[in-house]
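Read the structure below first, then the notes.
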Amino acid sequence: MNIILSVYKKLYRMYGPQGWWPIDNEYHKRDFSYPKTGRQQLEVCLGAILTQNTSWKNVEKALENLKKNNLIDPKKISSIDKKRLANIIRSSGYHNQKAKKLKIFSRFYLSLKGRAPSRDELLEVWGIGPETADSILLYAYNQSEFVVDAYTRRLLASMNIITEKFAYDEIKLLFENNLPKDYRLFQEYHALIVENGKNVDYNRKYSSKK
DNA sequence: AGCCAGGCTACCG
DNA sequence: CGGTAGCATGGC
């Protein structure tokens, strides 16, 4: 069995099913039928943007605030005053940048008229980089795109499978070429890597930033 | 009381 | 091209 798959099994034994992406603060373990509504789909997209270089705790509050203001809605986000939006999502950090990102994404989301975006389309949107694009495709659209984040790099580097300077797409392909193309597996695997990253101290030695 | 988090853009050489 | 400063709050 290849090492990528055996690492998955080991993590799964250690932590069990994760039930990502959290929606309304809940982790739907062993249920891969989410998102169930357009609103949930948008919530995943917004969360993916808000969590950029930010702990999920801080994002939860921002999402709660958005809900309180009835703002999980692309039209409302498009039209709300940017300063006001920034204040609502303040707890997620970089709130001025992220307010802009949410507004630009909402416009884009509306332009899709319900269809799924391609990865290239997402990458053309200001504020959406490779990890956010893959998170959106994997968790909001249930497409088999593997998500690579800082924890993924640290994990593979700690096992000497990669060096720190592997490109995003190289790491992504390493997973996708060694796993059955199954979005449920991809969802669970990435979630397990993050859970593991939160619990394991890599001594910051393998961080992508210095 | 620093250090860091589920990154990305802009700008520099 | 590759490298890096800037963005910002809250948790530990």
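Quick note on labels: first sequence line is chain A, next is B, and so on, each numbered from 1.
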Verify stack between A:Y94 ring and C:dG6 base, 5.5 Å, 30 degrees: no

- A:W56 on top of B:dG6's base, within under 5.5 Å and under 30°? yes

Rounded distance in Å - [atom1] ([X]) to [atom2] ([N]):
{"X": "A:E64", "N": "C:dG10", "atom1": "CD", "atom2": "P", "value": "13 Å"}
{"X": "A:K172", "N": "B:dG6", "atom1": "NZ", "atom2": "P", "value": "20 Å"}
{"X": "A:D134", "N": "B:dG7", "atom1": "CG", "atom2": "C1'", "value": "13 Å"}
{"X": "A:Q52", "N": "C:dA8", "atom1": "CD", "atom2": "P", "value": "12 Å"}
{"X": "A:E60", "N": "B:dG6", "atom1": "CD", "atom2": "P", "value": "12 Å"}
{"X": "A:H190", "N": "B:dG7", "atom1": "NE2", "atom2": "C1'", "value": "12 Å"}
{"X": "A:I136", "N": "B:dG7", "atom1": "CD1", "atom2": "P", "value": "14 Å"}
{"X": "A:R153", "N": "B:dG7", "atom1": "CZ", "atom2": "C1'", "value": "11 Å"}

Check this for me, if you would: do [X] and [Y] make a salt bridge, where the nitrogen-to-carboxylate-oxygen distance has to be below 4.0 angstrom?
{"X": "A:E121", "Y": "A:R115", "result": "yes"}
{"X": "A:D182", "Y": "A:R184", "result": "yes"}
{"X": "A:R39", "Y": "A:D73", "result": "no"}

Let's see if you can work this out: which of [options] has an atom nearest to the side-chain heavy atoms of [X]?
{"X": "A:H95", "options": "C:dT9, C:dG10, B:dA5", "value": "C:dT9"}
{"X": "A:W126", "options": "B:dA10, B:dG7, C:dG11", "value": "B:dA10"}
{"X": "A:N96", "options": "C:dT9, C:dA8, B:dG6", "value": "C:dA8"}

When all nucleic acid strands are considered with a 4.0 Å heavy-atom cut-off, which category describes [X]: base, sugar-phosphate, or nothing?
{"X": "A:D149", "result": "sugar-phosphate"}
{"X": "A:I128", "result": "sugar-phosphate"}
{"X": "A:Q97", "result": "base"}
{"X": "A:K198", "result": "base"}

By nearest-heavy-atom nucleotide on DNA chain B, the more 5' of A:Y151 and A:V125 is A:Y151

query: How are the rings of A:F146 and A:H190 set to each other: parallel, tilted or perpendicular (split at 30° and 60°)?
result: perpendicular

Exercise for review: Please work out which of the three classes, parallel, tilted or perpendicular, describes the rings of A:F175 and A:Y189, given edges at 30° and 60°.
Suggested key: perpendicular

What are the atom names and distances for every N/O pair under 3.5 Å that joins the protein to nucleotides 11-13 of chain B?
none

- Query: Do the non-hydrogen side-chain atoms of A:L138 and A:Q143 ever get within less than 4.5 Å of each other?
  - Reply: no

- Determine yes or no for a side-chain-to-main-chain donor-acceptor pair under 3.5 angstrom, with A:N69 supplying the side chain and A:N65 the backbone. yes

Check whether A:K29 reaches the backbone of A:G19 with its side chain - one donor and one acceptor, N or O, closer than 3.5 Å. no

If you compare every side-chain N and O of [X] against the phosphate oxygens of [N] (OP1, OP2), does one of them come in below 4.0 Å?
{"X": "A:R154", "N": "B:dC4", "answer": "no"}
{"X": "A:T132", "N": "B:dC8", "answer": "yes"}
{"X": "A:N58", "N": "C:dG10", "answer": "no"}

Open item on the list: Can you check the distance between B:dG6 and C:dA5, where both ends of the measurement are the P atom (answer in whole Å)?
Closed with: 22 Å

Quote, to the nearest angstrom, the C1' distance that separates B:dC3 from C:dA8. 14 Å

Using Watson-Crick geometry (N1-N3 plus N6-O4 or O6-N4) or G-U wobble (N1-O2, O6-N3), each under 3.5 Å, C:dC12 is paired with B:dG2

- Query: Passes salt bridge (Lys or Arg N to Asp or Glu O under 4.0 Å), A:D24 versus A:K36? Steps please.
  - Reply: CA-CA 12 Å; A:D24 286 328; A:K36 294 182 181 298; over 6 Å; no

